[in-house]
Amino acid sequence: MSEKYNHRVIEPKWQSYWKDNNSFNSKIDPKKKKYYILEMFPYPSGRIHMGHVRNYTLGDVIARYKRAQGYNVMHPMGWDAFGLPAENAAIENNISPKKWTYQNIETMKDQLKKMGLSIDWSREVATCDELYYKQQQKLFLRFFRNELIYKKESLVNWDPAEGTVLANEQVIEGRGWRSGAEVEQKKLSQWFFKITKFAENLLESLETMNKWPDKVRTMQKNWIGKSVGCEIDFEIISKNKSFDKSKIRIFTTRPDTIFGATFCALSPYHPVAEALMETDDKISDDIKEMRSQKVNEETIAKNEKIGIKTDLYIKHPFLENKLLPVYIANFILMDYGSGAIYGCPAHDQRDLDFANKYDLEVIQVIKQSDGTLFDNKNALVGNGNLINSKFLNGMSIDEAKNEVIKKLEDHKQGNKKINYRLRDWGISRQRYWGCPIPIMYREDGAVIEVPEDQLPLKLPEEIDFNIPGNPLDNHPTWKYTKCPETGMSAIRETDTLDTFVDSAWYFLRFCSPTNNLEPFNSNEIKYWMPVDQYVGGVEHAILHLLYSRFFTKALDIKEVDEPFESLFTQGMVCHTTFKNTSGEWVYPEDVNSIKDKLIQISTGENVQKGLIESMSKSKKNIVDPESIINTYGADPARWFMLSDSPPEKDINWSESGINGAWKICQKIWMIVEKNKNYINSDTYYEDADWSENAFQLNRCIHQNLDEITRSIEKFQMNVAIAKVYEMVNAISKFKPLDKNDELALGNSIKILIRAIEPMIPHLAEECWSLTNNHNSLSVVPWPKVVEKFLETSSVTVVIQINGKRRGELIVDKNTQEKEVMKKIKDIKNINDALSGKNIIKSIYIPNKILNIVLK
RNA sequence: GCGGAUAUGGUGGAAUUGGUAGACACGCUGGUUUUAGGUACCAGUGAGGCAACUCAUGGGGGUUCGAGUCCCUCUAUCCGCACCA
């Protein structure tokens, strides 16, 4: 009786083997083709979750498969280790962010290792490591000198009770999550990366990035949001003589509607609005009230349009006596265009709603070519020709746009303008646990770089989170310093860098992770970059990926322009949620099903099944990967993650799923154990005198091998898994009757073992050790599909009548239509259907289908 | 609101890209092995019908000899919308 497969012994055995033999370490080898596979590095939150298991299993399949294909594979791993949760933990558990982070890294590294990933751990980096952020500070200074970084005023969520800036997620219904105080929008002077300088470049390259999902490319395209329009300067008419602003510059994508303009709307943050606040208390209060609202595109689009009437008017550029009233409006974004628009109610729904609300004039200037008439409720946004527009009358929209721009440019009142929705990337964070910005402000007002030989500018370790505000700002010995050149006193920049900066270049760092002289080495990146395959969650579709693209371009390194050749975004791992009668979330393992009822084990309360949602701590619908790995093993966990659902879709965790994965692993082991005498041979005769059974087995194995190979290439791991099942089923059914049968069986099993290694490597290695080949599978090449086994002499042709399947016929390959026609007379129901009818025509696809059209 | 995606048995999902719809797995039903069991193996399993057949890929329409696949339209669900990472 053969032994059961014991993952508790086998998995650690191979993990140490791989480690001891440096099986997955990588170095430059000019003779070999490289393959750089990268999964998005994790935030060290404490423990790995199922999302990590899925992400890294997926990448590992590719890594192991490509290695078997003969590539020189680099598969590194690191830690996105700066960030807010470490500070929260510091406050809640009184532990330093550094200690907390490094502890988490240790725990999670152990957990990842238990998954059996083929990672080159010698390349590990952590962004909170001085070695790493020293180089990042150098990059900052490089960007600073290249004028890709500048400072400007920008709004933040300000919690007045705590004296801190809040992240959006920390603002709950307009209040600070911890203090409950009403959050204000406060202006702070902050650092920005000039990503907009690269807007066109980032947009253009998208066109050629055809190994990225269309979805992500579309999202980025919309994010960059290129629009062509014009800027127009309007003269301000004010009764208040002391009002010192004379012009408002508006941006519009519809200059053709200039004669339909009936009002002007400004953002509450517009300089003119600021100036008005100083002239009038009432207006000042109203604007402040408007500013307290959250302004993102979603709320702006959904909320009611509100305007504050001002005393100001602007002069129409082409109509001598036409004055447009100026409003401050809550639907105008300061960051987009110029923060000011003119409203043309007849041809823009938002403007129409606004005009109707404030009883403003509406002038139709485009006659719709589909004949739609204006009803004062629905703006006319279709195509048409200009009316009521003086010199534009009769023109098409495009002609009118060009004509208006030309006139404005002639009169120096405006100009054509390409505008991007993309805004510059604000990188200042008023937080402790991030990369310090190597800048100081001297007492005479000069902005001074920290000299490179003094880098890294380290984070101070003795800090106090009990004082409200940013710990760096509260840290006197760190904050106050001297200018290195003049010796004048200076204050350090106390903001730290957005953690998206850390992750915007880590893929370059992996190429030379321990280099203390430079961020990356040009020989190394020349060989390894770009990343051939990047795998991660779709939630990073825009920011992280766009920032990484920007960084790579902005660094202006000739070796690489775009960082990620191919991108794959995997789906989330979901689980049913449970709530007890008190309305509290309940852990799945705390739920027992008794008859038809769900009972909470710990309290005995009834439990309601909720929606299936992505696993999250707050909803308690989590399953701990480590306990799964301990109970079932890493291989079944990996198998489950790959089977059933396509990787880009969300999956539902299920107990029966993991159990099924465990069963197939056991089954494969039993098959190999039982037949170990047959796999102990190197012989492979393609031309042996196979029995019919053996030939069919060979055929099935190679057909499925072909499909497994193609499926992995296409990331269809679920399909690859299905084909492995077919191999297993065919092998377990096969009963060898002679030597050749045994040979066929042995070879089939060896192909099976080789093919499952990317998915379930421990089991595969253990099985392989039973063959006469004592190499680890990590150096064994992928098997070749033997075409001979795929060829057949006969094929099945489907017979259709009027497009409906009526039967099938087995014929020799490449049989002519005439022959098939003759033979179908023998099939009774087809013959019946044909009798008494006229054949109008027939369509014959050789070896596939014959369709007969009858009348 | 804007933008994007998805829809196939009881369930997760296949479908060589316009050519046998439902591969593979889960679940379920029946059986076998003295199996304590949640084990293993065999058979069955889209719906209706004894059957030949008929109906079936969210709804409706279209193109085609032929549509899950292409076009139009409707419906439902999910995702993103700038300080979570």
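Here is how names work: the chains are called A, B, and so on, in the same order as the sequence lines, proteins then strands, and each is numbered from 1.
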Is any NZ, NE, NH1 or NH2 atom of the basic residue among A:Arg350 and A:Asp353 found under 4.0 Å from an Asp or Glu carboxylate oxygen of the other? no
For A:Arg699, enumerate each residue passing the salt bridge (charged side-chain N to carboxylate O under 4.0 Å, His left out) test, keeping only those at least two apart in sequence or located in another chain. none
Taking only the side-chain heavy atoms of A:Lys215 (C-beta and beyond), determine which of B:G19, B:G4, B:U20 contains the nearest atom. B:G4
Between the base of B:C83 and the side chain of A:Gln190, is one N or O donor paired with an acceptor at under 3.5 angstrom? yes
Does a side-chain N-to-carboxylate-O contact under 4.0 Å join A:Glu493 and A:Lys151? yes
Who pairs with A:Lys667 by salt bridge (charged side-chain N to carboxylate O under 4.0 Å, His left out), at least two apart in sequence or on another chain? none
Using O4'-C1'-N9-C4 for purines and O4'-C1'-N1-C2 for pyrimidines, with syn meaning within 90° of 0, is B:U17 syn or anti? syn
Look at all strands and tell whether A:Leu422 reaches a base, only sugar-phosphate, or nothing, counting heavy atoms closer than 4.0 Å. base
Spacing of the C1' atoms in B:G18 and B:C70 (rounded, Å): 8 Å
Would you kindly give the CZ-to-C1' distance between A:Arg217 and B:A5, to the nearest whole Å? 16 Å
At a cut-off of 3.5 Å, list every protein nitrogen or oxygen paired with a nitrogen or oxygen from nucleotides 71-75 of chain B, distance to 0.1 Å.
none

Partners of A:His49 by side-chain contact (heavy atoms from CB on, under 4.5 Å), sequence neighbours excluded? A:His52
Which of residues 640-652 of chain A have a heavy atom under 4.0 Å from RNA chain B? A:Asp644, A:Ser645, A:Pro646, A:Lys649
Distance check, C1' atoms only: B:G46 and B:G12, in whole angstrom units. 16 Å
With A:Arg254, which residues qualify under side chain to side chain donor-acceptor pair (under 3.5 Å), at least two apart? A:Asp256
Going by side-chain contact (heavy atoms from CB on, under 4.5 Å), name the residues that satisfy it together with A:Asp424, two or more places apart in sequence or in a different chain. A:Tyr150, A:Phe192, A:Lys194, A:Ile195, A:Thr196
Side chain of A:Lys663 (C-beta onward), nearest among B:C24, B:U39, B:C84: B:U39
Stems in RNA chain B, runs of 3 or more consecutive Watson-Crick or G-U wobble pairs with both distances under 3.5 Å, sorted by first number, are B:1-7 with B:75-81, B:10-12 with B:24-26, B:27-32 with B:40-45, B:46-48 with B:53-55, B:58-62 with B:70-74
Does A:Gln800 reach a base, just sugar-phosphate, or nothing at all? Heavy atoms under 4.0 Å. base
Any side-chain N or O of A:Asn802 below 4.0 angstrom from OP1/OP2 of B:G66? no
Which residues pass the side-chain contact (heavy atoms from CB on, under 4.5 Å) test with A:Arg429, sequence neighbours left out? A:Arg431, A:Thr496, A:Asp498
Could you check whether A:Asn222 gets within reach of a base, just the sugar-phosphate, or nothing at all, counting any heavy atom under 4.0 Å? sugar-phosphate
Is the A:Tyr132-A:Trp505 ring centre distance short of 6.0 angstrom? yes
side-chain contact (heavy atoms from CB on, under 4.5 Å) with A:Asn6: which residues, sequence neighbours excluded? A:Arg8, A:Val9
Donor-acceptor pair between A:Glu648 and A:Thr569 side chains, under 3.5 angstrom: no
Between A:Gln349 and A:Ala379, is there a donor-acceptor pair closer than 3.5 Å when you use the side chain of the first and the backbone of the second? yes
Considering only B:C65, B:C83, B:G4, which nucleotide approaches the side chain of A:Thr218 most closely? B:G4
Hey, does A:Trp79 have a side-chain heavy atom less than 4.5 Å from the side chain of A:Thr101? no
Report each atom pair, protein N/O against N/O of nucleotides 9-11 of chain B, whose distance is under 3.5 angstrom.
none

Base, sugar-phosphate alone, or nothing: which one does A:Gln716 contact when heavy atoms must sit under 4.0 Å apart? sugar-phosphate
Considering only nitrogen or oxygen atoms on both sides, find all protein atoms under 3.5 Å from nucleotides 54-56 of chain B and state each distance.
residue : atom : partner  : partner atom : Å
B:U54   : OP1  : A:Arg806 : NH2          : 3.0
B:C55   : OP2  : A:Lys804 : NZ           : 3.1

